[in-house]
Protein chains: 2
Amino acid sequence: MSTQKYKTGKIRERNNENILSAAEQEFVLHGFKGTSMQAIADRAGVPKANIHYYFKNKANLYRTLLQNVLTVWNEELAEISPDSDPATVLERFIRTKVRLSYTHPNASKIFAMEIIQGAPYLKDHISVDMRQWVKEKTAIFQTWIDQGKMRPVDPTHLIFLIWSSTQHYADFETQVLEVTNKRKYEEEDIVRIGDFLADLILTGCGLKKD
Amino acid sequence: MSTQKYKTGKIRERNNENILSAAEQEFVLHGFKGTSMQAIADRAGVPKANIHYYFKNKANLYRTLLQNVLTVWNEELAEISPDSDPATVLERFIRTKVRLSYTHPNASKIFAMEIIQGAPYLKDHISVDMRQWVKEKTAIFQTWIDQGKMRPVDPTHLIFLIWSSTQHYADFETQVLEVTNKRKYEEEDIVRIGDFLADLILTGCGLKKD
DNA sequence: GTCTATATCCGGATAGAC
DNA sequence: GTCTATCCGGATATAGAC
């Protein structure tokens with residue numbers, strides 16, 4: 001800082017972003033242990049030693065990325081109130097998660113691999129924050145069920161269903177694109193996926209007219 | 001073979017199984033690149049050099065495991081005929097996949113990580129066999145829709161929904177157990193999950209009475 | 001703050017004794 | 001067929017010149 005030669009850390013900021021972006025891609029491709037600092041450095045276009053200077057070590061860099069994932073998801077997922085209309089809330093929830101799979105596929109993939117491998121860096125977050133989040137949301141779903149506003153489906157598994165079916169389009173992108181013979185998702189694909197999932201799940205919950 | 005000292009490869013067979021089982025666990029925990037042959041050897045209780053003697057190299061061992069996954073899935077997933085009852089077929093498909101997530105969680109996890117990382121070893125299988133499998137099944141779903149036997153939902157995305165929602169209980173086992181505050185799945189959990197998914201998806205497809 | 005050079009250790013794979 | 005010893009490239013991390 002005292003010897004800062006450039007205008008207010010602009011270079012540092014850019015380097016930071018480059019490194020985080022490069023790390024994200026490498027961690028998706030090879031997992032935490034399988035990713036080398038050298039590969040991240042090469043992709044980011046900086047010397048390997050700089051990454052250690054910025055992030056201390058590999059685990060710290062990885063934790064920063066995981067934290068970013070959780071932040072994005074928290075910011076985008078609107079609040080749910082028991083007074084809201086169930087169909088509206090569920091549909092917006094589903095469509096938001098589908099869109100996040102489209103806009104932040106790597107975030108979803110890193111999170112998925114972390115969980116699959118036993119959540120060594122996220123176990124605390126899951127057993128505290130995430131459990132609390134699910135508890136609050138299922139309570140609201142349950143009041144709707146008690147009021148006869150929706151079919152009596154298990155609220156916890158409903159959340160798992162929405163999580164899994166939406167994140168699938170990010171995590172299993174390769175499989176989806178190969179099976180449907182596409183090169184990449186288009187805006188219209190995302191709309192159609194949202195249409196399909198909202199329609200089927202809302203119908204399954206007894207929240208559709210027809 | 002010529003210098004075989006033990007009864008007809010019994011030891012070799014046991015070693016093979018030990019190595020495969022150990023490798024499965026290590027690959028789930030650390031991914032392909034992140035897994036070391038030494039760790040597999042330690043877990044299997046054999047010298048590292050033996051694994052190279054049995055499987056030549058790491059990629060070969062990994063490919064063997066992937067092949068086992070595909071074999072298990074193919075064996076267990078019953079055939080679907082257009083003359084069958086849609087509700088019966090879909091419910092059996094869902095419950096079979098839920099049970100496979102319970103009985104073979106590591107198989108599902110290795111497959112999931114392989115796909116998330118871009119399917120470097122399975123791309124061919126996906127773009128040929130899997131695409132063909134989906135093509136056949138969606139054609140059958142479509143005839144049911146044309147005959148008015150089920151609601152007009154997109155058959156391809158219906159398959160993705162069933163895949164994602166069922167495999168979720170294997171791949172995201174850690175998250176599901178932490179959120180629901182359980183130590184491990186019990187037989188009754190599997191039945192309840194099957195009940196929930198069959199009920200919601202069949203209702204969503206218009207295949208339920210009430 | 002940045003980057004080169006290096007220390008130290010671990011990776012996959014194999015040679016060769018048994 | 002089994003296992004010890006070893007090769008050698010690549011891993012994380014840091015020391016120290018600039």
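Excluded from the calculations below are hydrogen atoms, water molecules and symmetry mates; all remaining heavy atoms, backbone and side chain alike, are included. Here is the naming used below: chain letters follow the sequence lines, and residue numbers restart at 1 for every chain.
Within the model, atoms CG of A/Asp171 and OH of A/Tyr169 stand 12.5 Å from one another, a figure rounded to the nearest 0.5 Å. Distance check, rounded to the nearest 0.5 Å: CD of B/Glu26 to NZ of A/Lys33 gives 7.5 Å.
Of the two residues near DNA chain C, A/Tyr54 and A/Lys33, the one whose nearest nucleotide lies more 5' is A/Tyr54.
Seen from the ring of A/Tyr121, A/Arg63 does not count as a face-on cation partner, given the 6.0 Å and 45° thresholds.
Rounded to whole Å, atom C1' of C/dC3 lies 13 Å from atom CD1 of A/Ile51. In this entry the distance linking CG of A/Asn18 with P of C/dT2 reads 12 Å, nearest Å. Remark: P of C/dG1 and CG of A/Asn15 are 11 Å apart, rounded to the nearest angstrom. Following rounding to the nearest Å, B/His30 (NE2) and D/dA11 (P) show an atom-to-atom distance of 17 Å. When the P atom of D/dA11 is taken as reference, atom CD of B/Gln38 falls 19 Å away, rounded to whole Å. Following rounding to the nearest Å, A/Arg12 (CZ) and C/dC3 (P) show an atom-to-atom distance of 13 Å. Counting to the nearest Å, the P atom of C/dC10 and the NZ atom of A/Lys58 are 14 Å from each other. In this structure, the OH atom of B/Tyr53 is 17 Å from the C1' atom of D/dT4, given to the nearest Å.
For A/Met37, whose side chain is taken as the heavy atoms from C-beta onward, the closest listed nucleotide among D/dT12, C/dG11, D/dT14 is D/dT12. Out of D/dA13, C/dA15, C/dG12, the shortest distance to the side chain of B/Lys48 is found at C/dG12. Each of D/dA13, C/dT4, D/dT4 was ranked by its minimum atom distance to the side chain of A/Asn57; first place goes to D/dA13.
Contact between the side-chain N/O atoms of B/Asn50 and the OP1/OP2 oxygens of D/dC3 is found at a separation under 4.0 Å. The side chain of A/His52 places no N or O atom within less than 4.0 Å of a non-bridging phosphate oxygen (OP1 or OP2) of D/dT14.
Note: A/Phe111 and A/Trp73 meet the aromatic proximity criterion, with ring centroids under 6.0 Å apart.
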Notebook entry, point to check: Passes salt bridge (charged side-chain N to carboxylate O under 4.0 Å, His left out), A/Arg95 versus A/Asp195? Steps please.
Noted result: CA-CA 8 Å; A/Arg95 288 188 188 274; A/Asp195 289 346; 2.8 Å; yes

